[in-house]
Protein chains: 2
Amino acid sequence: MTAPSPPVNISEEIQAELLQRICFLDYRPGDQLKEAYLAKEFGVSRTPVRDAISRISHLGLVETRNGVGTVVRQLSLTEITHVYNMRLELAPMIGMLNPRQIAPSDRKVCERLLGQAADLNDAFDARGYVQLNHRLHEFIAGLIGNDVLRSFWWQTYYQAASTWYQLAHLQGPKAATALVSELTDIRDALDHNDLCALGYVQRIHIGYGFEQIKTLLF
Amino acid sequence: MTAPSPPVNISEEIQAELLQRICFLDYRPGDQLKEAYLAKEFGVSRTPVRDAISRISHLGLVETRNGVGTVVRQLSLTEITHVYNMRLELAPMIGMLNPRQIAPSDRKVCERLLGQAADLNDAFDARGYVQLNHRLHEFIAGLIGNDVLRSFWWQTYYQAASTWYQLAHLQGPKAATALVSELTDIRDALDHNDLCALGYVQRIHIGYGFEQIKTLLF
DNA sequence: ATCAGCTAAGCTGTATACATCTTGCCTGTC
DNA sequence: GACAGGCAAGATGTATACAGCTTAGCTGAT
């Protein structure tokens, strides 16, 4: 049988699951999150579900109104701009604020991601792109040594991901090509043992992404 | 009679109140937050109190353990370092990321704060210092045009405030003198209509503060 | 036909009862 | 006297019942 019940908090699990569904576009802007349905789906009462929704509300991705419900928001261009402007500033900090030592295992993970990106480039599917990009984010976040920066990196990722993945659906295979390019740059930075370079690589590709969002999505 | 019940969410009010009590040192590291007591104090059930505590837990200022309780944490030197390193980076962004126009009313508020700081310099009391510094933070945060930056500015403020105010109790009147100096610099920046200068002024004084924390508190 | 007003359904917000976990203390044995 | 074990108190975690809000849709008068 599977694990009967993990020791971690139920609320945190649901929180992570909801966030992932939102930024993976399983829930699209305008969709409603009904506590009762989610409670039944997860096999719990409304209490942990409410807690999870409450804790993600500060990201601005959902809006809860009394008597109506909780709906997934589409961030406005202004909001997206604020998020991306911040991510452009955060990226170089990866290599500067309390940098972590790069381990051989990091390089191996990067190589594997690069291989998966190459596969995706040959046979593109949007879902696979979203999942791979998510794993890349997890990888980068794991390299961040400053706790606060890592937290902010995650927060802005969640805020940007939904919009970014909308664009990926429009772009199709081109998105995978860009991902291969980004991962190649990242691998080179790791090979040079240069976390600062990695930060700038992130900044560069975030900039590219933002340009396309402004051009194609708004 | 006073306002019967504001329309805003009870949970958010309690959240703000708890955060303020933590960073104002009404609750000191090691103190326990008991949901039942807080519920009775605020005249509500445990539900909104739990929600409030849950929403502030991601700042790392409190730690909740099942069956035990929620205790206020003292951030380690490493954590404080991460917070301050981040604030040093965030400060210059105030003038660079989607800057807001400075209004005459802003200058008036600043002048008033400067006057209050001067009063405090003549007759120091720690509580007054903490409250004035808090109002200064609210003022600065209000000048930030980028929504994400404002959110991060608040988060790191809450994380740093508790430790900073511990130091202020040790320093005594010297803290008020430094505050007068900081507010003078801020006024000059506003007089020059230069939000970038204000950002750097913030960075400078955050740096001074961090130095003293490292020297006197750890 | 139109529209004001009512009504009921369905959602979130809150209170409360219960389950579960942790820990300090008491007790009995060695 | 020391220590293992149990037990009870008190805390958080969860489920559930209820209150309050919002809105869609019906109804009836104009």
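All values derive from a computational prediction rather than experimental measurement. Chain identifiers are assigned alphabetically (A, B, ...) following the order of the sequence lines, protein sequences preceding nucleic acid strands; residue numbering begins at 1 within each chain.
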Polar contact flag, side-chain donor to acceptor under 3.5 angstrom, B/Q155-A/Q155: yes
Nearest-angstrom distance from the residue atom NZ of A/K34 to C1' of C/dA9: 12 Å
Parallel, tilted or perpendicular, as decided by the 30° and 60° cut-offs, for the rings of A/F24 and A/H134: perpendicular
Heavy atoms from other residues, nucleotides or ligands near CZ of B/R135 exceed 12 (cutoff 6.0 Å): yes
Spacing between B/E13 atom CD and C/dT14 atom C1', to the nearest angstrom: 15 Å
Nearest-angstrom distance from the residue atom OH of B/Y37 to C1' of D/dA11: 10 Å
B/D51 CG - C/dA15 C1' separation (whole Å): 14 Å
Sugar-phosphate only, base, or nothing, as touched by A/L33 at under 4.0 Å among non-hydrogen atoms: sugar-phosphate
All side-chain contact (heavy atoms from CB on, under 4.5 Å) counterparts of B/K174, not counting sequence neighbours: B/Q171, B/Q212
Contact pattern, 5' to 3', of nucleotides 16-23 of chain D - B, S or - by protein heavy atom under 4.0 Å: B---BBS-
Whichever of B/A36 and A/G43 has its nearest DNA chain D nucleotide further upstream toward 5': B/A36
Closest listed nucleotide, where the reference is the side chain of B/E35 and the choices are D/dT14, D/dT12, C/dC11: D/dT12
Test item: side-chain donor near acceptor, B/R55 and B/S11, under 3.5 Å: no
Integer-rounded Å distance: D/dT14 C1' and A/I14 CD1: 11 Å
A/P48 side chain, from C-beta outward: closest of D/dA15, C/dG13, D/dT12: D/dA15
B/V44, nearest nucleotide to its side chain (from C/dC11, D/dA11, C/dA15): C/dA15
B/W154 and B/Y158 aromatic ring geometry - parallel, tilted or perpendicular at 30°/60° bounds: tilted
For atom CG of A/N9 and atom P of D/dT12, their distance in whole Å: 13 Å
A/K40 NZ - D/dA15 P separation (whole Å): 14 Å
Salt bridge (charged side-chain N to carboxylate O under 4.0 Å, His left out) contacts in which one or both residues fall within residues 87-106 of chain B, not counting sequence neighbours: none
Interatomic distance where CG belongs to B/L38 and C1' belongs to D/dG10 [whole Å]: 15 Å
